[in-house]
Amino acid sequence: MGSSGVQIVCMALGIFGLIAAIVTITVPKWKVSAFIGENIITAQVQAEGLWMQCVEQSTGQQQCKSYDSLLILSSDIQASRAMTIICCMLTVLSLLVLCAGADFTTCIENEEVKPKVSLVSAIGMILAGLLLIIPVSWAANNVVRDFNNPLVPQSNKRELGPCIFVGWGGGVLLLLAGGLLCCFSRPRSGGSGGTAKYYSNSASAPSKNYV
């Protein structure tokens with residue numbers, strides 16, 4: 001596969017990673033109710049996200065409420081909001097940079113600059129992938145820690161929601177796109193590296209002595 005084909009694949013991976021990041025941010029499914037012990041009431045399911053918490057009835061009705069204040073949120077939710085938003089912004093910027101420096105576009109005509117621009121896009125996607133994986137992994141660690149903590153009441157224990165897995169998948173896609181771009185964005189090696197020499201009429205080749 002040529003360089004253009006790899007860049008198209010990386011762009012597709014970046015777009016899918018961006019969609020996964022947006023779903024992770026907007027859908028309130030980071031934590032869901034854990035039906036264990038005496039907490040076996042399945043008539044309603046409680047779910048929590050970055051921006052709101054929802055209660056879904058068995059009839060299909062869903063009621064959501066935004067968090068009252070930013071100050072009452074835990075540090076992991078506040079940090080996750082910041083990192084995921086930066087992830088989306090960085091992914092969009094990286095995709096735009098990739099479009100400008102891709103071989104199948106003519107935004108940049110200098111062939112020596114294009115690999116450098118693609119490399120910048122690759123670094124941006126790798127950073128975006130890390131910014132998406134870190135908050136979901138942090139949230140997953142807190143959920144597992146509270147689930148195994150005997151001091152936490154069973155009614156307050158939660159399980160991993162679908163957004164955690166979507167975030168992991170999106171982060172992997174962004175890391176994969178950035179890694180492929182890094183491998184195929186090496187500067188092109190020049191030819192012999194010599195420069196052509198031109199002589200003017202007044203300073204031509206060495207003159208010969210005529211007898």
Side-chain angles (χ1 to χ4, degrees), residues 12-95 124-179:
L13 293 176
I15 293 174
F16 287 128
L18 177 61
I19 295 174
I22 294 175
V23 171
T24 303
I25 293 176
T26 55
V27 178
K29 290 286 186 178
W30 283 56
K31 306 175 184 178
V32 295
S33 301
F35 302 106
I36 56 175
E38 299 178 356
N39 188 26
I40 58 175
I41 301 177
T42 58
Q44 63 181 16
V45 177
Q46 296 181 357
E48 301 176 12
L50 292 180
W51 309 97
M52 64 185 67
Q53 53 187 356
C54 299
V55 176
E56 184 177 353
Q57 307 293 335
S58 58
T59 57
Q61 296 180 349
Q62 185 176 7
Q63 296 179 349
C64 296
K65 179 184 177 181
S66 301
Y67 296 116
D68 296 331
S69 175
L70 178 65
L71 301 178
I72 65 175
L73 298 178
S74 58
S75 59
D76 60 330
I77 294 181
Q78 296 182 18
S80 297
R81 284 183 175 183
M83 285 189 286
T84 50
I85 291 175
I86 295 174
C87 167
C88 291
M89 297 173 61
L90 189 57
T91 303
V92 172
L93 182 61
S94 299
L95 290 174
M125 286 191 182
I126 291 176
L127 293 178
L130 293 176
L131 288 174
L132 184 57
I133 291 178
I134 290 175
V136 294
S137 300
W138 189 359
N141 177 70
N142 292 340
V143 170
V144 174
R145 181 196 60 194
D146 294 340
F147 187 87
N148 296 324
N149 189 358
L151 300 179
V152 177
Q154 293 182 350
S155 59
N156 293 338
K157 292 186 177 182
R158 297 291 184 264
E159 292 182 352
L160 301 179
C163 286
I164 298 293
F165 302 98
V166 174
W168 278 331
V172 171
L173 290 178
L174 292 174
L175 290 178
L176 183 59

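Start at 1 with the first residue, then count along the sequence.
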Which pair of heavy atoms, one from [X] and one from [Y], lies closest together, and at what distance?
{"X": "Cys54", "Y": "Pro28", "answer": "SG-CG, 3.6 Å"}
{"X": "Ser137", "Y": "Trp168", "answer": "OG-NE1, 3.0 Å"}
{"X": "Leu173", "Y": "Gly17", "answer": "CD1-N, 4.1 Å"}
{"X": "Phe147", "Y": "Glu159", "answer": "CE1-CG, 4.4 Å"}
{"X": "Ile164", "Y": "Ala140", "answer": "CG2-CB, 4.0 Å"}
{"X": "Met125", "Y": "Ala177", "answer": "SD-CB, 3.6 Å"}

Would you check if [X] and [Y] make a side-chain contact, meaning some heavy-atom pair closer than 4.5 Å?
{"X": "Pro135", "Y": "Leu50", "answer": "no"}
{"X": "Gln53", "Y": "Lys31", "answer": "no"}
{"X": "Ile22", "Y": "Cys88", "answer": "yes"}
{"X": "Thr91", "Y": "Cys87", "answer": "yes"}
{"X": "Phe165", "Y": "Lys29", "answer": "no"}

When you measure from the side chain of [X] to the backbone of [Y], do you find a donor-acceptor pair of N or O atoms at a distance under 3.5 Å?
{"X": "Gln78", "Y": "Leu73", "value": "yes"}
{"X": "Trp30", "Y": "Thr24", "value": "yes"}
{"X": "Ser33", "Y": "Gln46", "value": "yes"}
{"X": "Asn149", "Y": "Arg145", "value": "no"}

Which distance, rounded to the nearest 0.5 Å, do you find between the [atom1] of [X] and the [atom2] of [Y]?
{"X": "Leu175", "Y": "Leu127", "atom1": "CG", "atom2": "CG", "answer": "9.5 Å"}
{"X": "Leu131", "Y": "Met89", "atom1": "CG", "atom2": "CE", "answer": "11.5 Å"}
{"X": "Leu95", "Y": "Leu13", "atom1": "CG", "atom2": "CG", "answer": "10.5 Å"}
{"X": "Ser74", "Y": "Asn142", "atom1": "OG", "atom2": "CG", "answer": "7.5 Å"}
{"X": "Leu90", "Y": "Ile126", "atom1": "CG", "atom2": "CD1", "answer": "11.0 Å"}

_Side chains of Thr26 and Trp51 only: does a donor on one sit below 3.5 Å from an acceptor on the other?_
no

Residue pairs meeting salt bridge (charged side-chain N to carboxylate O under 4.0 Å, His left out), one or both in residues 58-81, sequence neighbours left out, come to Lys65-Asp68

